[in-house]
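Notes follow once the structure below has been shown.
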Amino acid sequence: MTRKLPKVYEPQKFEKKIYRIWEKSGGFSPDQLKSKGRPFSLIMPPPNANDPLHLGHAVFVSLEDLMIRYHRLKGEKTLWLPGTDHAGFETQVVFEKKLAQEGKSRFSFSREEFYRLVWDYTQKNRKIVREQLKTLGASCDWSREKFTLDPEIVKIVYETFERLWQDGLIYRGQRLVNYCPKHQTAFSDLEVKYEQETAKLYYLRYDLKDDSEGIIVATTRPETIPGDVALAVNPHDQRYLALVGKIAKDPLLGREIPIISDKRVKIDFGTGVLKITPAHDQTDFEIGLEHYLPIRATLAKDGRFNELAGPLFGLKVPEAREKALAILKEKGALIKEEEYLHEVGHCYKCGSLIEPMLMDQWFVATNKPFGSQQKSLANLALEALKKQEIKIIPSNYQKVLEHWLNNLKDWNISRQISWGIRIPVWYCQDQATEVCRQKQGIIVSVSRKPTKCPYCGGKHLEQDPDVLDTWFSSGQWPYATLMANQPQDFKTFYPTSVMETGWDILFFWVARMIMLGLYRTGKVPFRVVYLHGLVRDKDRQKMSKSKGNVIDPLAVVQTYGADALRLALIIGNTPGRDLVISEEKIKGYRNFTNKIWNASRFILMNLEETSSKKPKLTRRDQKILKDFGKFKKKITAYLDNYRFSLAGEALYHYFWHTFADKIIEEMKIRIRENDHQEAALYVLETILNDCLKMLHPFMPFVTETIWQQLKERHSSKEQILMTSQWP
RNA sequence: GGGUGUAUAGCUCAGUGGUAGAGCGUUUCGUUCACAUCGAAAAGGUCUCUGGUUCGAAUCCAGAUACACCCACCA
């Protein structure tokens with residue numbers, strides 16, 4: 001053991017080698033662990049296979065690897081299952097941007113060609129992501145890695161679709177959906193971001209058929225007049241009682257429309273008269289349904305007005321608005337305009353104005369009671385939360401989640417894109433019998449393409465062109481990944497122990513996993529949800545490429561080592577709260593890595609001549625070890641209570657300012673003066689060993705590197721620190 | 001309109017019903033002795049404000065102020 005260690009720890013020299021030792025040991029897999037301990041499982045939130053990892057991913061790797069390594073050291077049967085997400089819409093957007101740089105678009109290819117290109121692209125990225133996770137030290141079980149488009153996963157997703165369909169929880173319907181004209185696809189409500197905007201409220205005169213007086217209507221969207229099918233007033237509005245039942249004329253095209261009354265019209269807004277445009281507004285749509293009004297859809301899928309819009313034909317929304325106003329002004333129908341502050345929906349990705357668009361889409365009915373218990377998906381989730389079957393950390397998010405579940409509307413799962421899991425539905429074009437027509441020719445077939453229509457025998461079948469919302473598949477991730485692996489995995493590891501993810505996808509992902517998990521398996525998908533915060537720069541700004549303030553985790557690892565980055569992401573990171581990271585902070589923990597290295601180096605140098613027999617300890621030694629025992633208990637308690645930041649901080653503080661600054665300095669003198677030297681070294685070695693174990697989940701590389709240097713002094717069971725025993 | 005948070009040192013944040021804490025930064029001093037990616041020391045806070053509970057409140061409660069975030073179909 002006389003090898004000389006360098007004065008400075010250089011992570012680059014060791015990290016790759018150490019990871020290989022772990023991989024070769026088989027310690028990542030629960031099958032190879034000889035432990036009979038209770039299972040502990042984590043499913044990795046699958047990173048999108050469309051881009052390299054960013055700092056946000058490094059946060060979850062640090063936290064999840066910390067948990068996994070801690071529980072592995074405690075002798076539990078641990079599984080951390082990795083995977084990647086095809087991320088339908090997100091990936092398609094990223095890929096189309098790339099195509100645009102080459103002067104191409106998705107329309108330059110057939111659907112199949114495009115799919116193939118994106119497939120290759122994601123497979124390349126998956127490889128990169130995998131290597132990056134390894135660089136960060138992720139001790140996950142690569143033999144169980146999954147991709148959301150793996151055939152066995154898709155099969156499970158389809159089965160869920162079919163069951164939901166049979167239970168009446170999935171339906172196809174023509175509804176107003178959130179439509180982005182730029183991306184030409186619909187979204188669920190969650191993908192719409194509302195922003196406050198100043199707009200103009202226009203007061204317009206609609207002439208009456210039999211009265212020259214006319215009626216004044218206030219609207220922010222004059223361009224939708226061609227879609228008007230009625231005017232509506234509140235039934236209790238004295239001003240307009242006499243007008244109900246009369247006929248008005250739309251001021252652009254002169255079409256005749258009825259005046260009706262409906263309680264949804266607010267008396268005190270504008271003039272108290274609402275123009276009803278069912279194809280372009282949610283409230284209007286509902287009113288229209290109730291009053292059996294026709295629907296006039298005037299906007300085409302490309303975001304331009306169609307021929308029903310008369311003079312506005314071919315124009316996009318902003319131009320059409322100008323043109324409509326010009327015409328109205330000329331006709332003298334524009335009475336006045338006033339400033340008006342309101343919230344407008346935008347595409348979360350490109351910022352385009354979201355248009356409510358009338359489309360045939362697939363929905364999950366989240367509030368519809370089903371089965372013998374007559375409970376809805378939302379009910380199932382709410383009950384599980386109330387019964388504390390799932391614990392959310394921090395706990396205040398439980399309320400947030402319950403509130404969301406209580407106000408849930410049906411979930412649109414159709415996307416008009418080509419990258420993703422195709423909706424497993426065919427439509428019979430023949431519809432030759434009454435039964436077939438009643439069923440609207442809808443054939444749900446999850447295993448293969450049907451050869452003929454089961455209702456009418458028709459041979460002309462067409463598959464639904466849409467794909468499923470990515471969250472519909474990732475919402476099944478915990479059970480799908482476990483079912484798709486060895487058959488006993490689901491039994492052993494489901495429900496999983498912890499779901500660790502960011503608070504920003506609580507609704508998108510966590511809520512859907514709970515609902516679908518309970519639906520499909522009857523059990524919650526996880527016992528604990530740990531929500532970490534989002535990474536900010538030192539000015540509290542969100543990191544983004546456009547702001548140029550992104551920190552590339554891999555570059556950081558290159559300069560300061562994975563351990564320094566990991567510790568910087570754990571300390572000061574309180575669940576549910578965003579965390580601030582700066583290069584100075586990472587540098588500080590790089591210094592700590594070096595501190596561990598040098599303290600160990602010092603002890604190592606002095607250990608050379610000692611035996612491993614336990615010497616007689618002084619009173620002082622006993623006191624030090626007793627205090628250390630208390631400290632170990634504190635760390636264990638912190639970790640058991642998910643107080644990772646506190647545990648990390650306490651370890652940092654103890655190691656540096658108690659162990660290195662005080663204890664080592666004290667023992668140094670004893671060693672030099674040969675005063676109970678053996679005992680002094682025994683104390684140092686004992687504390688060092690246990691500190692390495694406790695630090696290992698936080699900083700796996702440096703601790704394992706040192707452990708390997710001390711290998712000859714450890715028992716045969718503890719040759720690798722990662723699979724040794726928690727003190 | 002509804003909801004959820006936050007307010008503690010120059011900065012980033014912990015924290016517990018019992019003498020205000022850490023990291024970074026700042027200032028001073030110190031290198032033959034594991035480490036200058038170091039050590040020793042110092043300065044720096046009415047714990048946002050106002051009430052209440054209490055022997056005792058930065059901590060628990062109520063209100064105020066400020067800020068942040070989330071949700072929502074008032075045209």
Side-chain angles (χ1 to χ4, degrees), chain A residues 5-10 176 178 189-190 192-194 199 201-202 217-222 224 228 231-232 264-277 280-287 340 342-345 356 394 396-404 406-409 503-504 506-507 533-534 536-540 542 560-561 564 567-568 571-574 576-606 643 645-646 648-650 652-653 656-657 660-661 664-665 667-669 671-672 684:
Chain A
L5 294 179
K7 278 169 91 164
V8 171
Y9 172 66
E10 289 174 80
L176 272 193
N178 310 299
D189 295 339
L190 282 176
V192 181
K193 291 286 152 235
Y194 287 88
L201 190 59
Y202 302 99
V217 179
T219 181
T220 54
R221 302 203 60 187
T224 62
D228 287 356
L231 295 181
R264 272 163 283 214
V265 181
K266 303 264 191 305
I267 295 178
D268 53 1
F269 185 91
T271 60
V273 186
L274 174 65
K275 69 188 204 57
I276 304 298
T277 323
H280 300 289
D281 182 275
Q282 187 60 38
T283 311
D284 294 10
F285 182 75
E286 286 162 21
I287 293 177
Y340 176 60
H342 67 159
E343 302 271 323
V344 181
N396 57 293
Y397 275 92
Q398 170 150 351
K399 258 193 213 164
V400 177
L401 188 55
E402 282 176 7
H403 183 262
W404 187 77
N406 275 318
N407 294 284
L408 205 47
K409 285 187 296 179
W503 58 258
D504 54 325
L506 181 65
F507 305 146
L534 274 37
R536 312 267 171 166
D537 74 1
K538 59 175 183 289
D539 302 317
R540 292 218 125 256
K542 238 183 197 172
Y560 299 112
L567 204 56
I571 295 183
N573 183 354
T574 324
R577 306 210 28 199
D578 293 351
L579 81 149
V580 174
I581 188 99
S582 61
E583 186 150 355
E584 286 76 51
K585 188 175 175 189
I586 300 165
K587 211 186 260 179
Y589 292 116
R590 187 271 317 263
N591 295 353
F592 180 51
T593 326
N594 199 50
K595 191 73 188 178
I596 299 173
W597 179 257
N598 272 293
S600 311
R601 183 166 156 251
F602 171 76
I603 295 168
L604 211 80
M605 279 168 17
N606 286 285
R643 315 271 277 183
S645 175
L646 284 179
E649 209 180 323
Y652 175 94
H653 201 258
W656 199 320
H657 301 299
D661 289 350
I664 294 184
E665 290 304 322
M667 299 303 173
K668 194 187 276 178
I669 298 166
I671 292 165
R672 200 184 306 140
L684 291 182

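Below, chains carry the letters A, B, ... as their sequence lines are ordered, and counting in each starts from 1. Keep in mind it's a predicted model, so treat the numbers as computed, not measured.
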Nearest listed nucleotide, side chain of A:Val8, among B:U12, B:G5, B:U37: B:U37
Whether A:Phe269 and A:Tyr340 hold their rings parallel, tilted or perpendicular, with breakpoints at 30° and 60°: perpendicular
With heavy atoms under 4.0 Å as the rule, sort A:Ile571 into base, sugar-phosphate or nothing. nothing
When the P atoms of B:U4 and B:C61 are compared, how many Å lie between them, rounded to an integer? 14 Å
Taking B:A9 as the reference, what is the distance to B:U28 when you measure between their P atoms (whole Å, please)? 24 Å
Test item: A:Asn573 side-chain N/O and A:Ser645 main-chain N/O as donor-acceptor pair under 3.5 Å: no
Under 4.0 Å between a side-chain N or O of A:Lys7 and OP1 or OP2 of B:C35? yes
Let me know, please, whether A:Ala599 or A:Tyr9 comes out on the 5' side of the other along RNA chain B by nearest nucleotide. A:Ala599
Of the listed nucleotides (B:A22, B:A14, B:C35), which one gets closest to any side-chain atom of A:Asn594? B:C35
Side-chain (A:Asp284) to main-chain (A:His280) donor-acceptor, under 3.5 angstrom: no
Salt bridge (Lys or Arg N to Asp or Glu O under 4.0 Å) assessment of A:Glu665 paired with A:Lys668: CA-CA 5 Å; A:Glu665 290 304 322; A:Lys668 194 187 276 178; 3.2 Å; yes
Considering every strand and a 4.0 Å limit on heavy-atom distances, what is the contact class for A:Val265: base, sugar-phosphate, or nothing? base
With rounding to the closest Å, how many angstrom separate the C1' atoms on B:G17 and B:C13? 23 Å
Of all the choices, B:A75, B:U6, B:A34, which nucleotide is nearest to the side chain of A:Ile664 once you look at every atom? B:A34
Side-chain donor or acceptor of A:Lys668 under 3.5 Å from a matching atom on the base of B:A34? yes
In terms of ring plane angle, is the pair A:Trp656 and A:Phe592 parallel, tilted or perpendicular, where the classes change at 30° and 60°? parallel
One thing to verify: whether A:Glu584 and A:Lys587 come together as a salt bridge, which I'm taking to mean a side-chain N less than 4.0 angstrom from a carboxylate O. no
Summary of protein contacts for nucleotides 24-29 of chain B, nucleotide by nucleotide, where a base hit scores B, a sugar-phosphate-only hit scores S (4.0 Å, heavy atoms): ------
Phosphate OP1/OP2 of B:G15 contacted by A:Arg643 side-chain N/O (<4.0 Å): yes
Nucleotide N/O to protein N/O under 3.5 Å, stretch nucleotides 69-73 of chain B:
residue	atom	partner	partner atom	Å
B:C71	OP1	A:Lys193	NZ	3.4
B:A72	N6	A:Glu343	OE1	3.1
B:C73	OP1	A:Lys409	NZ	2.7
B:C73	O2	A:Thr283	OG1	2.4

Among B:G5, B:A34, B:A14, the nucleotide that comes nearest once only the side chain of A:Leu646 is considered: B:A14
Minimum side-chain heavy-atom gap A:Tyr652-A:Tyr589 below 4.5 Å: yes
On RNA chain B, compare the nucleotides closest to A:His657 and A:Thr574; which residue's is nearer the 5' end? A:Thr574
Can you tell which of B:A75, B:A34, B:U37 lies closest to the side chain of A:Arg601? B:A34
Under-3.5 Å donor-acceptor pair between A:Glu665 side chain and B:A40 base: no
Heavy atoms under 4.0 Å, any strand shown: does A:Asp284 hit a base, just sugar-phosphate, or nothing? nothing
Pairwise C1' distance for B:A22 and B:G15, with rounding to whole Å: 10 Å
